[in-house]
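Below is one structure, written out as structure tokens, with a few remarks after it.
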Amino acid sequence: MDMDKLVSLCKRRGFLFQSSEIYGGLNGFWDYGPLGVELKRNIKEAWWQDMVRGHDELSTPAGAPEAYEMTGLDCTIIMHPQVWKVSGHYDLFCDMMVDCKATKKRYRYDQIKGRWAFRKDQVGTGKPPVFVTTVAEEFDADIERRALKYFNLRSKQADQLDLGELMSLPQGISAQHGYFESETYYDAEGKPALTDYSSDTPLNHVLAPEANEVGTLTEPREFNLMFKTIVGAMGTEEDAAFLRPETAQGIFVNFKNVLDSTRVKVPFGIAQIGKSFRNEITPRNFTFRSREFEQMEIEFFCHPNASRKWYEYWRDRRMKWYTDLGLAGERLIMREHAADELSHYSVGTADIEYAFPFLPEGEYGELEGIAHRGDFDLRSHMEGKLVKNAEGCLEVEMVPVEGKPDKLRPKHRGSGRDLTYRDEVTNEKFVPHVIEPSSGADRATLAFLCEAYYEDEQPDEKGEMQTRVVMRFHPRIAPIKAAVFPLVKKDGLPEIAQEIYRKLKAKFSAFYDEKGAVGRRYRRQDEAGTPYCITVDGQTLTDNTVTIRDRDTLEQWRVKVDEVVEEISKRVM
RNA sequence: GCGGGUGUAGUUCAAUGGUAGAACGAAAGCUUCCCAAGCUUUAGGCGAGGGUUCGAUUCCCUUCACCCGCUCCA
């Protein structure tokens with residue numbers, strides 16, 4: 001399938017528009033048009049119906065360890081900033097990055113380490129030292145190797161090399177040279193090797209990790225992957241808050257509220273649909289990587305002993321949901337992450353992926369991730385931001401207290417609230433494990449659009465084959481369920497058709513059209529993906545029946561006018 | 001963020017240093033008893049800003065957006 005054709009159809013028929021298009025558009029933001037909003041809404045409602053509202057908590061679903069409850073939630077997009085500090089997003093999303101102009105590589109600032117290096121026989125010649133950097137695991141060996149190479153020295157001449165302390169890349173240097181001065185390399189005679197700070201900066205003497213010449217690194221720049229905002233009209237930097245980068249945290253911080261207000265018992269899940277925001281570095285591929293996007297997330301809380309089984313249940317349950325709605329076939333796969341690919345807190349993660357047409361052959365894009373998150377999230381919000389220690393166990397990340405380097409404090413303090421769960425029957429207290437099926441509503445919508453796009457050949461009224469573009473949506477997610485046409489615009493046919501249209505429209509989205517040739521009207525509905533077209537013709541006047549045309553097979557059959565609503569209903573629900 | 005490419009009507013495309021055409025689509029009407037091409041009429045465009053020039057949609061610069069490759073992707 002040609003992605004360009006789909007993109008142009010989405011624009012032409014009103015599925016998707018570029019955001020703020022009349023002002024030239026905004027990178028990474030997309031709007032849903034009249035058809036698109038119906039499609040996306042149907043997808044979200046199918047999810048909510050199947051996962052939450054329609055869920056039967058009285059019996060054990062196929063593949064589930066036991067019966068469970070599901071409930072919903074709708075949280076704010078802006079939450080207390082501490083939420084993101086404790087969850088780890090703040091540290092991870094506010095990285096300082098440096099770019100190398102020579103190699104086009106980008107490095108995380110905190111991953112680059114280096115030493116000032118000097119060649120002893122050049123002391124006094126006025127040649128400046130070089131700050132040799134690397135991102136290697138073995139900083140010392142790598143820095144020495146690269147320094148020798150830079151100074152054109154052989155390994156056995158290593159004693160010619162004078163290396164300073166291992167340190168981070170100096171930052172904020174061109175603005176003020178104080179940092180540089182304090183860290184300046186002093187040569188063997190105790191004199192600063194660099195003195196002219198006014199026309200020089202340390203960056204000019206930094207050898208980037210993979211560069212062969214100095215001075216190719218940009219200054220460290222802050223990369224804010226979270227959208228920052230200000231709370232309060234007089235807001236200053238202290239009032240900074242963030243638009244959520246995921247909906248999940250709102251569920252975790254409301255865990256106790258839900259428990260206290262609903263009588264739900266573990267195992268149970270809390271579902272939420274809502275917008276999230278990430279300042280993606282490279283938004284691309286239509287709506288696939290957008291900066292504002294909508295998530296459909298479940299946090300499922302269960303006993304630690306059963307979490308593995310629940311993970312497997314949700315993994316398979318979510319896969320089935322997509323296939324039931326028409327994302328069947330080879331383009332949809334489930335991929336379990338290898339152990340080394342897992343997040344530091346996860347015991348298991350599976351992605352449901354779709355072979356989007358804009359991806360290279362054999363590559364898949366993520367629609368949903370089902371993650372076993374253990375007790376990481378609830379513990380974080382109790383204790384504070386967690387990191388893995390040397391033994392591989394999670395513990396609160398500690399940093400030195402300012403001014404008292406030998407005292408430690410939590411880097412980001414948790415709520416201090418007790419989020420443990422007490423089993424009313426066994427009286428057991430535990431922190432529930434969490435299974436997180438996290439789905440992208442926009443990505444699902446895009447996948448359904450791609451999957452639906454289909455071209456076939458159908459004969460026109462002269463019997464010549466014509467290309468027909470048809471969006472073969474599953475009837476449940478189709479933006480328009482049925483269209484009603486009078487075959488011709490006379491003999492009272494429009495009046496009958498309009499009556500049928502009104503009855504349909506009371507139940508679901510329907511479309512009425514009496515203009516032009518009926519074949520043209522059929523084709524228009526094919527492009528919109530309308531599964532059924534109802535046509536009022538001459539025979540209607542004698543026996544009170546109409547034809548129903550199937551979008552995919554083009555078959556037509558007659559039903560009584562009074563039975564049209566029921567006939568369509570049972571096919572599109 | 002870097003490199004390359006592209007921006008003309010709703011869509012797909014033309015042409016041009018002297019203010020733009022087509023096809024399809026859309027709208028109105030006629031015609032039409034079942035799958036877009038029967039007729040008539042109508043509306044609609046040079047991504048934005050600056051420069052060169054008597055004059056720029058065309059040449060130059062900047063910017064924005066899209067596509068491809070790299071980078072990134074908790």
Looking only at N and O atoms, is any donor in the side chain of [X] or the base of [N] less than 3.5 Å from an acceptor on the other one?
| X | N | result |
| --- | --- | --- |
| Arg523(A) | rA36(B) | yes |
| Thr282(A) | rG1(B) | yes |
| Tyr522(A) | rC34(B) | yes |

Hey, are [X] and [Y] close enough for a salt bridge, meaning a charged N less than 4.0 Å from a carboxylate O?
| X | Y | value |
| --- | --- | --- |
| Glu527(A) | Arg13(A) | yes |
| Asp543(A) | Lys560(A) | no |
| Lys275(A) | Glu294(A) | no |
| Glu567(A) | Arg571(A) | yes |
| Arg379(A) | Glu395(A) | no |

Pairwise [atom1] distance, [M] and [N] [rounded to whole Å]:
| N | M | atom1 | answer |
| --- | --- | --- | --- |
| rA56(B) | rC13(B) | C1' | 22 Å |
| rU40(B) | rC24(B) | P | 12 Å |
| rG7(B) | rA14(B) | C1' | 15 Å |
| rA28(B) | rC64(B) | P | 41 Å |

Report which part of the nucleic acid Arg278(A) touches: base, sugar-phosphate, or nothing (heavy-atom distance under 4.0 Å, all strands).
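The answer is base, as Arg278(A) lies within the cut-off (heavy atoms under 4.0 Å) of a base atom.
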Does Leu554(A) reach a base, just sugar-phosphate, or nothing at all? Heavy atoms under 4.0 Å.
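Contact class for Leu554(A): base.
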Would you kindly give the [atom1]-to-[atom2] distance between [X] and [N], to the nearest whole Å?
| X | N | atom1 | atom2 | value |
| --- | --- | --- | --- | --- |
| Ile281(A) | rC72(B) | CD1 | C1' | 4 Å |
| Phe17(A) | rG10(B) | CZ | C1' | 9 Å |
| Arg558(A) | rC33(B) | CZ | C1' | 11 Å |

Between protein and nucleic acid, restricted to nucleotides 65-67 of chain B and to nitrogen or oxygen atoms under 3.5 Å apart, what atom pairs and distances do you find?
residue : atom : partner   : partner atom : Å
rA65(B) : OP1  : Asn27(A)  : N            : 3.0
rA65(B) : O4'  : Gly24(A)  : O            : 3.0
rA65(B) : O3'  : Gln18(A)  : NE2          : 2.6
rA65(B) : O2'  : Gln18(A)  : OE1          : 3.4
rA65(B) : O2'  : Gln18(A)  : NE2          : 2.9
rC66(B) : OP2  : Asn27(A)  : ND2          : 2.2
rC67(B) : OP1  : Phe286(A) : N            : 3.4

Options rC72(B), rA36(B), rC34(B), nucleotide nearest the side-chain atoms of Gln556(A)
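The answer is rC34(B).
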N/O (side chain, Arg520(A)) to phosphate O (OP1/OP2, rG38(B)) under 4.0 Å:
no
According to a strict under-4.0 Å criterion, is Lys11(A) in side-chain N/O contact with OP1 or OP2 of rG10(B)?
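Result: no.
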So, using ring-ring contact (aromatic ring centres under 6.0 Å, His included) as the criterion, who are the partners of Tyr453(A) when residues are at least two apart?
none
Protein and nucleotides 29-32 of chain B: nitrogen or oxygen contacts under 3.5 angstrom:
residue : atom : partner   : partner atom : Å
rU32(B) : O4   : Lys489(A) : N            : 3.4

Scan for salt bridge (Lys or Arg N to Asp or Glu O under 4.0 Å) pairs involving residues 533-542 of chain A, sequence neighbours excluded, and state none if there are none.
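Pairs touching residues 533-542 of chain A that pass the test: Asp537(A)-Arg558(A).
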Does Lys228(A) make a cation-pi contact with Phe242(A), if we ask for NZ or CZ under 6.0 Å from the ring centre and within 45° of the axis?
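That pair does not qualify as a cation-pi contact.
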Centre of Tyr522(A)'s six-membered ring, under 6.0 Å away, within 45 degrees of the axis: is that where NZ or CZ of Arg549(A) sits?
yes
So, Glu246(A) versus Trp84(A): side-chain donor-acceptor pair below 3.5 Å or not?
no
Between the side chains of Glu297(A) and Ser439(A), is a donor N or O closer than 3.5 angstrom to an acceptor N or O?
no
Taking for each residue the nucleotide of RNA chain B with the nearest heavy atom, is it Arg549(A) or Arg524(A) whose nucleotide lies nearer the 5' end?
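Its nearest nucleotide lies further toward 5', so the answer is Arg524(A).
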How is the base pairing of RNA chain B summarised as a dot-bracket string, given the Watson-Crick and G-U wobble criteria with both distances under 3.5 Å, [ ] for crossing and | for another strand?
(((((((..((((....[..)))).(((((.......)))))....(((((..]....))))))))))))....
Which atom pairs, one a donor and one an acceptor, fall under 3.5 Å between side chains of residues 492-501 of chain A and the rest of the protein, sequence neighbours left out?
residue   : atom : partner   : partner atom : Å
Gln498(A) : NE2  : Tyr512(A) : OH           : 3.2
Tyr501(A) : OH   : Lys505(A) : NZ           : 3.2

